[in-house]
There are 2 protein chains.
Amino acid sequence: MTPMIQACVMHFGEMGSRWGINRTVGQMYALLVLSPEPLTADQIAESLGFSRSNVSMGLKELQSWELVKLQHVPGDRKEYYSAPAEIWDIAKTLMEQRRKREIDPTLSALRNLLMTKPSGPEEKYAQQRMQEMHDLIEMLTKWTMEIQRLDAARLQKLLKLGNNLGKVLDIKDKLLGKS
Amino acid sequence: MTPMIQACVMHFGEMGSRWGINRTVGQMYALLVLSPEPLTADQIAESLGFSRSNVSMGLKELQSWELVKLQHVPGDRKEYYSAPAEIWDIAKTLMEQRRKREIDPTLSALRNLLMTKPSGPEEKYAQQRMQEMHDLIEMLTKWTMEIQRLDAARLQKLLKLGNNLGKVLDIKDKLLGKS
DNA sequence: CTGTAGTTTCAGTAACTTCTGAAAATACAG
DNA sequence: CTGTATTTTCAGAAGTTACTGAAACTACAG
């Protein structure tokens, strides 16, 4: 592993551990993303200096997030792993999985709590707050779902638009002004 | 603490721990958000059954995230803590702090790595991927910064717009079509 | 069916994080 | 300044998560 790749792998390991993601899983995934060729579990273990079993567990985790593809090379018994070719596809999968695991349960918990009748002014106030949280989370979620619908090509256009992003939102503002 | 509030507090404790946030800190903050009145550290410790020192550390953490306000009641030596009155303000602070702590360092790490000359085809490929990551993260960050600029009243309008969100994005699409 | 290359599982240990109680520090009333 | 109410710090205990090596399992070539 070259120093440049190493540096990137280490950074994403660190960052991963600030999220819920295990540091070593973060490193493994960065390695896969930066590698032009699929890698075997042994190659990953070797490159990163982890035990073979740790890599096996990490890959299982990544598979449960649907972030890696498993492929077999004909005439070779080993299993090869790779990340999607499009970074945008990776980001979409991450958003979707996080939504499933964190946002959806929270929204449904909030909805449940909002169904029950408040026992007094204390709960009434709490319910108001819960309602605000629910509505906000729901709205932000809808936004990200809309963004997720864009394919890589569309996104490319948005990227090039760059700083003119403000203009898009100004137009949106005008629309809102009317309503 | 009523059962409804308890349930919500517990849920956010769980959810917090899936993010990088300490479970007990998550619970403390949920309690503060749901409470109409500011609370003292002792009240929090009492309600949640944590040690006083644990609460002290948790509040320090929350202060470092700028998520709580500290206030003094005249004629009372105790310190009272409260969450912002607007949920949207809380969300904006969260977004901003996460950006500072996670996104900005990643962007600058990627920029650094993109400055260095690739040592071979392996690094050349890796740099392509890093460039894609960088551009994508930068774009998504810009979007969230634009959204953050909205004040609570503006957001209220967006909330009411609800499912018509699609229309806003359709208009954006037309704009993109021209470019 | 047997042997071998490869993968997964899992119990135990290492490493890390959280939480506590005791002590120190702070702040202020009298 | 003294005493008391309050908050903070911190060393270590308790709890949790990550990692490993050994063993079990799987798949397949011969």
Side-chain angles (χ1 to χ4, degrees), chain A residues 9-10 12-32 37-65 67-82 101-102, chain B residues 9-10 12-32 37-65 67-82 101-102:
Chain A
V9 163
M10 291 301 144
F12 279 94
E14 281 314 309
M15 278 304 143
S17 70
R18 292 210 193 175
W19 280 53
I21 298 152
N22 180 327
R23 192 173 47 79
T24 55
V25 174
Q27 292 182 15
M28 287 180 209
Y29 199 58
L31 189 65
L32 280 171
E37 306 295 334
L39 299 173
T40 64
D42 285 303
Q43 287 176 300
I44 296 170
E46 157 85 350
S47 300
L48 298 173
F50 301 153
S51 74
R52 187 59 225 316
S53 50
N54 192 3
V55 172
S56 179
M57 285 165 133
L59 288 169
K60 220 175 120 194
E61 173 87 4
L62 287 170
Q63 278 175 293
S64 84
W65 283 77
L67 284 168
V68 287
K69 264 181 301 189
L70 171 59
Q71 48 212 188
H72 285 270
V73 170
D76 188 344
R77 268 207 218 164
K78 289 195 199 71
E79 295 182 314
Y80 287 79
Y81 293 87
S82 63
R101 291 166 195 234
E102 290 154 22
Chain B
V9 162
M10 291 302 144
F12 279 95
E14 281 313 309
M15 278 303 143
S17 70
R18 290 210 195 173
W19 278 54
I21 298 150
N22 180 328
R23 192 173 46 81
T24 56
V25 174
Q27 292 183 14
M28 288 180 209
Y29 199 56
L31 188 65
L32 280 171
E37 305 295 335
L39 299 174
T40 64
D42 284 304
Q43 288 177 299
I44 297 170
E46 158 85 349
S47 299
L48 299 173
F50 301 154
S51 74
R52 185 59 225 313
S53 51
N54 193 2
V55 173
S56 180
M57 283 164 133
L59 288 170
K60 219 176 118 195
E61 173 87 3
L62 287 171
Q63 278 176 292
S64 84
W65 283 79
L67 284 168
V68 287
K69 263 181 302 189
L70 172 59
Q71 50 213 186
H72 285 272
V73 171
D76 187 343
R77 267 206 218 164
K78 288 195 200 70
E79 294 183 314
Y80 286 80
Y81 293 87
S82 64
R101 291 166 195 233
E102 289 153 22

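So you know, we letter chains A, B, ... as the sequences are listed, proteins then strands, and number each from 1.
The separation between Met28(B) atom CE and dT18(C) atom C1' is 11 Å, rounded to whole Å. Rounded to an integer number of Å, the gap from NZ of Lys60(B) to C1' of dA25(C) is 13 Å. Computed from coordinates, the Leu48(B) CG to dC19(C) P distance equals 11 Å when rounded to whole Å. Rounded to an integer number of Å, the gap from Gln43(A) CD to dT7(C) P is 11 Å. As a whole-Å value, the separation of His72(B) NE2 from dC28(C) C1' is 12 Å. Taking atom CD on Glu14(A) and atom C1' on dC16(C), their separation rounds to 13 Å, with Å as the unit.
Applying the side-chain contact (heavy atoms from CB on, under 4.5 Å) test to Glu14(A) and every residue at least two apart in sequence or in another chain returns Ser17(A), Arg23(A). Here Ser47(B) pairs with nothing under the side-chain hydrogen bond (donor to acceptor under 3.5 Å, both in side chains) rule; sequence neighbours left out. Qualifying ring-ring contact (aromatic ring centres under 6.0 Å, His included) partners for Trp19(B), counting only residues two or more places apart in sequence or in other chains: Trp19(A). Residues passing the salt bridge (Lys or Arg N to Asp or Glu O under 4.0 Å) test with Glu102(A) are Arg98(A), sequence neighbours excluded. For Glu37(B), there are no side-chain hydrogen bond (donor to acceptor under 3.5 Å, both in side chains) partners two or more places apart in sequence or in a different chain.
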Under 3.5 Å between N/O atoms: give me all the protein pairs with nucleotides 3-6 of chain C, atom names plus distance.
unit_1	atom_1	unit_2	atom_2	d
dA5(C)	N3	Arg77(A)	NH1	3.4
dG6(C)	OP1	Lys78(A)	NZ	3.1

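Phosphate contact (OP1/OP2 of dC19(C), side-chain N/O of Arg23(B), threshold under 4.0 Å): present.
There is no side-chain donor-acceptor pair under 3.5 Å between Asp42(B) and Thr40(B).
A 4.0 Å heavy-atom criterion places the boundary nucleotides of DNA chain D facing chain A at dA18(D) to dA29(D), written 5' to 3'.
Contacts of Thr40(A) with the nucleic acid, taken as non-hydrogen atoms under 4.0 Å apart, are absent. Across all strands shown, Asn22(A) has heavy atoms under 4.0 Å from sugar-phosphate atoms exclusively, and none from any base.
Crowding of Glu46(B) atom CD: a count of heavy atoms from other residues, nucleotides or ligands under 6.0 Å not exceeding 12.
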Show me the side-chain donor-acceptor pairs of residues 49-59 of chain A shorter than 3.5 Å, one per line, residues at least two apart or across chains.
unit_1	atom_1	unit_2	atom_2	d
Ser51(A)	OG	Ser53(A)	OG	3.2
Ser51(A)	OG	Asn54(A)	N	3.1

Between side-chain atoms of residues 72-79 of chain A and protein atoms elsewhere (two or more places apart, or another chain), which donor-acceptor pairs fall under 3.5 Å?
unit_1	atom_1	unit_2	atom_2	d
Asp76(A)	OD1	Lys78(A)	N	2.9
Asp76(A)	OD2	Tyr80(A)	OH	2.7

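With hydrogens and angles ignored, no donor-acceptor pair under 3.5 angstrom links the side chain of Ser51(B) to the base of dG21(C).
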